[in-house]
Amino acid sequence: MAPTRVDPFLEASPVPLGLPADEVERRLGKAARVLEKDGAAIGFQYPALGVWLAIEDGVVSSVSFLTGTVDEGGAKYPGELPGGLRVTDAPARVVELYGEPDRTQEIALPRPPHAKLVLSFYALTAPATVTFAHRTQDPKRLDRIVLSRRPA
């Protein structure tokens with residue numbers, strides 16, 4: 001399979017997908033917050049770096065490049081992402097840089113009425129996906145950018 005325009009997201013990640021959870025703080029330093037369940041890490045928050053890491057089955061399963069939303073505490077990824085994308089860019093810029101997504105999905109939001117979260121999925125050559133999300137009531141702003149492992 002030929003490399004895709006979104007493949008460089010793997011290099012943009014501060015740690016590789018699949019990295020054991022016990023290696024995260026050795027590589028990135030002490031997390032601002034470690035989320036745990038039953039004594040095991042399920043997430044690492046690095047708002048100063050503009051990323052949050054999710055852990056599944058003891059390894060990094062996804063990396064969220066923070067866009068400054070309220071639920072992210074206003075933290076945002078400070079640099080450029082592949083192709084020159086910035087977390088402050090409009091969703092239309094994603095299509096301009098990476099082409100049409102492999103698939104899209106809309107999820108109804110509880111408020112405001114008729115609002116939806118629009119998800120655009122881009123498959124990478126490696127077993128990973130980059131997902132971009134925006135809310136229909138704020139179509140000029142990215143709400144989420146997430147690099148995730150997918151089953152091989």
Side-chain angles (χ1 to χ4, degrees), residues 1-19 21 23-25 27-29 31-35 42-56 59-152:
M1 178 181 228
T4 69
R5 297 173 103 183
V6 292
D7 275 346
F9 269 88
L10 292 169
E11 287 80 43
S13 177
V15 296
L17 295 175
L19 181 75
E23 290 289 319
V24 170
E25 288 188 305
R27 292 217 186 167
L28 297 180
R33 183 172 176 209
V34 178
L35 307 169
I42 59 168
F44 294 89
Q45 295 180 350
Y46 287 94
L49 298 177
V51 296
W52 290 355
L53 311 175
I55 307 297
E56 290 180 15
V59 299
V60 174
S61 61
S62 67
V63 176
S64 293
F65 297 93
L66 305 180
T67 61
T69 62
V70 173
D71 54 330
E72 296 169 342
K76 48 176 108 162
Y77 186 78
E80 280 190 359
L81 290 164
L85 182 72
R86 293 201 164 272
V87 297
T88 54
D89 286 343
R93 180 97 165 108
V94 172
V95 174
E96 179 184 310
L97 291 171
Y98 310 124
E100 291 297 324
D102 296 311
R103 73 181 176 91
T104 59
Q105 179 180 354
E106 291 186 358
I107 300 171
L109 295 171
R111 59 179 184 252
H114 309 293
K116 294 179 182 170
L117 186 66
V118 179
L119 304 169
S120 298
F121 301 91
Y122 291 80
L124 282 72
T125 304
T129 301
V130 177
T131 305
F132 299 91
H134 71 276
R135 296 171 190 258
T136 54
Q137 76 272 24
D138 194 3
K140 297 199 181 292
R141 157 176 222 299
L142 288 167
D143 200 72
R144 300 266 183 282
I145 302 172
V146 181
L147 171 66
S148 303
R149 288 172 48 140
R150 62 180 160 81

J.: So, using side chain to side chain donor-acceptor pair (under 3.5 Å) as the criterion, who are the partners of Thr69 when residues are at least two apart?
T.: Asp71, Glu72
J.: Is there a side-chain contact between Phe44 and Leu28 (heavy atoms, below 4.5 Å)?
T.: no
J.: Glu23: what forms a side chain to side chain donor-acceptor pair (under 3.5 Å) with it, not counting sequence neighbours?
T.: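 Applying side chain to side chain donor-acceptor pair (under 3.5 Å) to Glu23 gives Arg26.
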J.: Could you work out, with salt bridge (charged side-chain N to carboxylate O under 4.0 Å, His left out) as the rule, every residue matching Glu11, not counting sequence neighbours?
T.: none
J.: Using the rule given for side-chain contact (heavy atoms from CB on, under 4.5 Å), can you reason through Leu66 versus Val87, listing the C-alpha separation, both sets of side-chain angles and the distance that settles it, and then say yes or no?
T.: CA-CA 7 Å; Leu66 305 180; Val87 297; over 6 Å; no
J.: Got a second to check how far Leu85's CG is from Leu142's CG, nearest 0.5 Å?
T.: 6.5 Å
J.: Is the side chain of Arg150 donor-acceptor paired with the backbone N or O of Ala126 at a distance under 3.5 Å, no angle test?
T.: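 Checking the backbone N and O of Ala126 against the side chain of Arg150, a donor-acceptor pair under 3.5 Å is found.
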J.: May I have all residue pairs that pass salt bridge (Lys or Arg N to Asp or Glu O under 4.0 Å) and include part of residues 121-135, sequence neighbours excluded?
T.: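 Sorted result for residues 121-135: Arg135-Asp143.
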J.: Considering all heavy atoms of both residues, which atom of Gly43 and which atom of Ile55 are nearest to each other, and what is their separation?
T.: N-CG1, 3.9 Å
J.: Do you know which two heavy atoms are closest between Arg86 and Pro78, and how far apart they sit?
T.: NH1-O, 3.3 Å
J.: First locate atom CD of Glu25, then atom CG of Leu53, and finally report the distance between them rounded to the nearest 0.5 Å.
T.: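 Going from CD on Glu25 over to CG on Leu53, the span is 10.0 Å.
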J.: Any heavy-atom pair between the side chains of Phe65 and Thr67 that's under 4.5 Å?
T.: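 A side-chain contact is absent here, since even the closest heavy-atom pair is not under 4.5 Å.
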J.: For the atom pair CD1 (Ile145) and OG (Ser64), what is the distance rounded to the nearest 0.5 Å?
T.: 9.5 Å
J.: If you take all heavy atoms of Tyr122 and Val6, which pair is closest and at what distance?
T.: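 Heavy-atom minimum between the residues: CB-CG2, 3.8 Å.
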J.: Measure across Pro14 and Val51 and return the closest heavy-atom pair with its distance rounded to 0.1 Å.
T.: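 The answer is CG-CG2, 4.0 Å.
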J.: Which heavy-atom pair separates Ser13 from Val63 by the least distance, and what is that distance?
T.: OG-CG2, 3.4 Å
J.: Please report, to 0.1 Å, the donor-acceptor pairs under 3.5 Å made by any side chain of residues 91-103, with sequence neighbours excluded.
T.:
unit_1, atom_1, unit_2, atom_2, d
Arg93, NH1, Glu96, OE2, 2.7
Tyr98, OH, Pro82, O, 2.3
Asp102, OD2, Ala123, N, 2.5

J.: Between Leu81 and Ala12, which heavy-atom pair has the shortest distance, and what is it?
T.: CD2-CB, 4.3 Å
J.: How many angstroms lie between atom CZ of Phe9 and atom OG1 of Thr131, to the nearest 0.5 angstrom?
T.: 10.5 Å
J.: Could I get the full list of side-chain contact (heavy atoms from CB on, under 4.5 Å) partners for Ala133, not counting sequence neighbours?
T.: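 Applying side-chain contact (heavy atoms from CB on, under 4.5 Å) to Ala133 gives Leu117, Leu119, Arg144.
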J.: Take Leu124 and Leu147, measure what side-chain contact (heavy atoms from CB on, under 4.5 Å) needs, and give me the verdict at the end.
T.: CA-CA 10 Å; Leu124 282 72; Leu147 171 66; 4.1 Å; yes
J.: Measure the CG-OG1 distance between Leu10 and Thr125 for me, rounded to the nearest 0.5 Å.
T.: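 Interatomic distance, Leu10 CG to Thr125 OG1, rounded to 0.5 Å: 8.5 Å.
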J.: Take atom CD in Glu56; do more than 12 heavy atoms of anything else shown fall under 6.0 Å from it?
T.: no
J.: Taking Tyr46 for its side chain and Gly29 for its backbone only, find out whether a donor-acceptor pair lies under 3.5 Å.
T.: yes
